[in-house]
Protein chains: 2
Amino acid sequence: MALQLAVSSVILALRPAPDDGPLTLWLPLVRRIREPYEGSWALPGGPLGEACGLEQAARDALSSTTGLDPAYLEQLYAFGGLDRSLAGGAGGAGGDDGADQADRVVSIVYWALVQAEEDQAAVRAHNVEWFPASALPDLAFDHTQVIDYALARLRAKIGYSPIAHAFLPAEFTLAELRAVHEAVLGRELDPANFRRQALATGAVEPTGHRLQGTRHRPPSLYRYRAESVATSPTPPPRSAS
Amino acid sequence: MALQLAVSSVILALRPAPDDGPLTLWLPLVRRIREPYEGSWALPGGPLGEACGLEQAARDALSSTTGLDPAYLEQLYAFGGLDRSLAGGAGGAGGDDGADQADRVVSIVYWALVQAEEDQAAVRAHNVEWFPASALPDLAFDHTQVIDYALARLRAKIGYSPIAHAFLPAEFTLAELRAVHEAVLGRELDPANFRRQALATGAVEPTGHRLQGTRHRPPSLYRYRAESVATSPTPPPRSAS
DNA sequence: GCAAAAGTGTTTTCCGTACACCCATGA
DNA sequence: TCATGGGTGTACGGAAAACACTTTTGC
């Protein structure tokens, strides 16, 4: 009856929809290889290692499932209710954590934004598969709700935080920035008004370069200003006890 | 080298300032009775019991230090960094948790709003003392930053959530409601505009009664509408794993 | 009547939205 | 020249701030 502590992550990337449609959110899931929910998909994660902090544990799980470093990483919530009625109580990962059936599990969930790994070393870990956030399979535990919560947080935060940075390359056009916002919010935005608002925040500035090769007027390229980057968010203090 | 899990709480109440001034935020702290930081003030809390969920653990700690039930309770953040350099690693409570020097500690912090316990059974637990949030003593660990974070969350949330309810009796005047907002925000608000905005949200409705006994025009009394109460916040799903 | 707070109305400013319009490029 | 998206200007409407003003009580 030991206390088990696990760290899981909702990892989000932006890619074209399955039918090569508009940009959409995708996330990797891992197939559980033990009860409960054996065979179901679940959030990637694992037990908290002795030698690392919570955030580092989230980075490790992220790296082992996607091979990527997150451009943004933030704690979402700590779950530790006892109302896990039908769940036997196994660990926070779909993977190979060593949780015992009888253990009490508290799990801390992070959410991460990563760049689409187009030509990246497409690390295809076993039992890992990417799904569009709008077409998820049935998930283990209440991970569906956890993901919904993460998506809600992302949608809210993109409105007042330069978080879209995490999805973009160093230089980008305002149309690309707008496409990120549209994908996250799930609706189209007025290009004219979006431009003004984006520039008004002062988070973004022109580089002086232009993107050539389009079949229309070449758009200016922009970058995020150094002050507004923030890989780790501002949120809370350091540690505590 | 077991993994220790503790739950602490930032408990906030509204009372007149020390010199009988305007309303201010106060919070209870407990004096630590063991190293590290022995003798320092710290957030109340304790180890996570085997038999209760995270939120229940927070309620228990709250009850044992103040004897009060929170009108509002929400998770703040989970701390588990390894950068606790000078701290030996003892438990999350200022009180008598059983943490060992060598233990690794992850602590989950809640924030709670309670009614001022004017005539309440003023439970005066030993080693517990209330301080104005604007005049805190030196605290153990990084609890000062944790409290600042909780205050920032409260200030932000009072702007879009009917959270002020937690500080008020069943029936109240709009002046009292405004005083709560002013105390939390630390600045005065225009009575006319505040009234309109408060009513426009629809969270509050007149009871039809009036408050007698003032030395001026008797103000109407209001109550929060049932839909907008919410002791537990909306936030995240249930459990997870 | 006077002080004080309740409560209403009005004006101004600001911000988000909608949308018309011009600009620059490739084809 | 036309199509396409980049980029600018402008008008409308709602919300918030500032503040004048009326109302109702106790003293």
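Naming convention: chains lettered A, B, ... in sequence-line order (proteins, then strands); numbering from 1 in each chain. Reckoned from all heavy atoms, side chains included, excluding hydrogens, waters and symmetry mates.
Judged by distance alone, the side chain of S9(A) and the main-chain N or O of I11(A) form no donor-acceptor pair under 3.5 Å.
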Considering only distance and modelled atom types, tabulate donor-acceptor pairs under 3.5 Å from the side chains of residues 174-182 of chain B, sequence neighbours left out.
residue : atom : partner : partner atom : Å
E176(B) : OE1  : T173(B) : N            : 2.8
R178(B) : NH1  : E182(B) : OE2          : 3.3
E182(B) : OE2  : L189(B) : N            : 2.9

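At a non-hydrogen distance threshold of 4.0 Å, T214(A), R215(A), H216(A), R217(A), P218(A) from residues 214-225 of chain A come into contact with DNA chain C. Using a 4.0 Å cut-off on heavy atoms, the residues of residues 195-204 of chain B that approach DNA chain D are R196(B), Q197(B), listed by number. Of the residues in residues 170-186 of chain A, none has a non-hydrogen atom less than 4.0 angstrom from any atom of DNA chain C.
For the pair N193(A) CG and dC12(D) P, the computed distance is 16 Å after rounding to whole Å. Straight-line distance from the CG atom of D190(B) to the P atom of dA15(D): 18 Å, rounded to whole Å. Distance, Y160(B) OH to dA16(D) P: 16 Å, rounded to whole Å. Per the geometry, CD belonging to Q212(A) stands 13 Å off C1' belonging to dG6(D), to the nearest Å.
Counting only residues at least two apart or on different chains, the side chain to side chain donor-acceptor pair (under 3.5 Å) pairs with a member in residues 185-195 of chain A are N193(A)-R196(A). Under the salt bridge (Lys or Arg N to Asp or Glu O under 4.0 Å) criterion, no residue pair touches residues 164-175 of chain A, with sequence neighbours excluded.
Listed by chain and number, the residues in a ring pair (Phe, Tyr, Trp, His ring centres under 6.0 Å) with W26(A) amount to none (sequence neighbours excluded). Shown here are the side-chain contact (heavy atoms from CB on, under 4.5 Å) partners of A140(B), two or more places apart in sequence or in another chain: R32(B), Y37(B), S40(B), A42(B). Take Q197(B) and apply the side chain to side chain donor-acceptor pair (under 3.5 Å) test, not counting sequence neighbours, and it matches no residue. With sequence neighbours left out, the side chain to side chain donor-acceptor pair (under 3.5 Å) criterion links Q56(A) to D60(A). Shown here are the salt bridge (charged side-chain N to carboxylate O under 4.0 Å, His left out) partners of R225(A), two or more places apart in sequence or in another chain: E205(A), E227(A).
Ring-plane geometry between Y224(B) and F172(B) is classed as tilted, the angle between the planes lying from 30 to 60 degrees on a 0 to 90 degree scale.
Between V106(A) and F79(A) the shortest side-chain heavy-atom distance does not fall below 4.5 Å.
In summary, E74(A) and K157(A) engage in a salt bridge, as defined by a charged side-chain N under 4.0 Å from a carboxylate O.
Counting 5' to 3', DNA chain C first comes under 4.0 angstrom of a heavy atom of chain B and last does so at the ends given by dA4(C) to dT10(C).
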Using the rule given for ring-ring contact (aromatic ring centres under 6.0 Å, His included), can you reason through Y72(B) versus W111(B), listing the C-alpha separation, both sets of side-chain angles and the distance that settles it, and then say yes or no?
CA-CA 8 Å; Y72(B) 185 85; W111(B) 61 292; 5.4 Å; yes

